[in-house]
Amino acid sequence: MSMSAAWYLRRLSRMGPREVGGRVADTVRRRRWRTAPPGCPDVTGARFTATLPPRVTASVPPDAAKRLLAHADRLMEGHAVFFGVARDDMTDPDWFHDPKTGRRAPGGYAFDVPYRDEDAIGDVKQIWEPSRHQYLTVLAAAYAVSGEERYAERVAAHLRSWWAANAPLRGVHWTSGIELGIRLLSWVWVRRLLDGWPGAAALFERNPVALRQIWHHQRWLAAFPSRGSSANNHVIAEAAGQLAAGCAFDWFPSSARWRAEALRTLERQLRGNTFPSGLNRELATEYHGLVLELGLAAVAEADAAEVPVPASVRLVLLRMTDALAAVVDDRLRPPRQGDADDGHGLVLDGEGTDRWASLLATGDAVFGRLPWWPTVTGTDVRTPLLAALLRPTAPAASRPPSRPAHFADAGLTVLRGPEGIWCRCDGGPHGFLSIAAHAHADALSVEVRHDGVDVLADPGTFCYHGQPEWRRYFRSTLGHNTLEVEGADQSVPGGPFLWTRHARSRVLVADPADPAGPEGSRWCAEHDGYRGSVHRRSVELTAATRELRVVDELRGPRRAVRLAFHLGPAVAAELVGNRAHLSWTRDGADRSATLQLPGQLTWRAHRGESDPPLGWYSAGFGRKEPATTLVGSGFADGSAELTTVLGFHG
């Protein structure tokens, strides 16, 4: 979607003077580079020394290696899937083609490319994703594990193709810093994993085209860092890629300076992007995973190059790892909160590898697991390779002695019950920084699972660009398990990655009990997103009866409301009046629950509706499927309580 003048004014209103000044300087530099781009210095005698220790690949578990090679073979045959769209052209990809819309991004000076306009270029995420070259790290890992040169030769062919088609500062792949940062990190690992291949040096350090590409990527990142209200996960990716390249590709006169600046940025921004509790400030769980992956990969490069890393960097990554271990359910699934675009920092594994188990396994290898951590099942390729570069961290005295359930700074509380009952309660801030780019209007929402199955689900994200009605729905108040008033969102959107007014929430009670004990857990919070009214919600989970009670109050004048409960795609519902019988199957066993809904409202079931959207679940970016949403409509004021009871059957 193209951005209107009104959007630019709204966006400008969320910036401070320093950010505005920096962006003006960026604009001047972009205009100067159009006619006088910076020149790459001559490099001679470059050597790559950031190799893996000997025999590390032999420590890759056999089942992880089998998944990796199976995935690599599918890639060799030309098959890949990006955001739910299958591609069969990956033997010789068109780097500018969007298979979803059939459009092809134009060339020209990078900063003239209207990458947000799907009518002009197609779905930019579909175009960008292959050019992060994370599928090439998979092929390179397959070579490192198997020794089969066909994988290395395919990697080399694709890199040469990409470099030839994407001259510096030309085209859509030079428009966004996060893409350049992640791509640099991929190139570092490609070179490392191909080190035993005879053609590796000729592909990289003895290749003037590669040297020019690597230099221009780093020069771009040094010139155009994400600033101010945009300094979220993007700036972490930029700094991680810059640090990795500055350590592993230290062949340029500016390498030491770029490396030092990137390390300073990473240290400052990791702290800025992370609550003291360890949760990511964007309150979007997949970005917690992305930032943690990027941070670990960046520190691994510094350790491999013997570049000292501030202790504060490792401490943030440690706290992020412990926080992840604390919030996952019994199947190692974290909350589905905020935006999610399937973004990864470093991919060395085949399809079917559990991302979150892999991160916890790496955390165990680097920091050591705590007694309360969940058991990590499954294996991966990335952990032994990454851990071989990372310096083990001495245990920190500040680590939590028992599993945290309430994260006060993030406003996130997890209530747990028997048989894997897991309930996330949201009473936290509306996203991060002034634009809260990846936030959803989900204040006081709940997310409930039983043995890892979504029962009351967060529907997800589905899309960013090009489909504004779907973008609005999936991040709307109605698109979450909470109360909508007068048909409005609690926070006011100003664009696909912009909120102009943020609801303020506060947690009043957070008493998560021991899930093994008979006592109940309680949580209560409120928000001020509806002017003139305050929405307060209380949640009680009684372990003995396996019953979850949700009470909503609207304090203020009588107003029209809609209360939504989104069921997971595996859950079937039979609604009669204000009572719904829920059923699903897990591991061959039938499960059921009853949802007693507030009788003051009129209830309807919605499933797979498109005009307007309602009744959908997005398991991953670019994918959606019908799921049942129960919506109660009516009126509420301070004189009534809307009580919902979810009871799990034996």
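Just so you know, these numbers use all the heavy atoms, side chains as well, and skip hydrogens, waters and symmetry mates.
- Salt bridge annotation for Arg331-Asp587: present, with a cationic side-chain nitrogen under 4.0 angstrom from a carboxylate oxygen.
- Among all heavy-atom pairs drawn from Pro53 and Leu389, the shortest one is CD-CD2, 4.2 Å.
- Among all heavy-atom pairs drawn from Arg424 and Arg336, the shortest one is NH2-O, 3.6 Å.
- For the pair Ala302 and Cys247, the tightest heavy-atom approach, listed with the atom from each and the gap, is CA-SG, 3.8 Å.
- Rounding to the nearest 0.5 angstrom, the gap separating the CG atom in Asn280 from the NE2 atom in His438 is 10.0 Å.
- Residues Arg160 and Asn207 share a closest heavy-atom pair of NH1-ND2, 3.5 Å.
- The minimum heavy-atom distance between Gly420 and Asp330, with the atom names listed, is CA-OD2, 3.2 Å.
- Closest approach of Asn273 to Ala231, counting heavy atoms only: ND2-O, 3.5 Å.
- None of Thr353, Thr379, Asp380 except one satisfies the side chain to side chain donor-acceptor pair (under 3.5 Å) rule with Ser358; the exception is Asp380.
- More than 12 heavy atoms of other residues, nucleotides or ligands lie within 6.0 Å of CZ in Arg74, so this atom counts as buried by the packing criterion.
- Here CG of Leu243 is found 12.5 Å from CD of Glu267. Values are rounded to the nearest 0.5 Å.
- The aromatic ring centres of Trp162 and His133 sit less than 6.0 Å apart.
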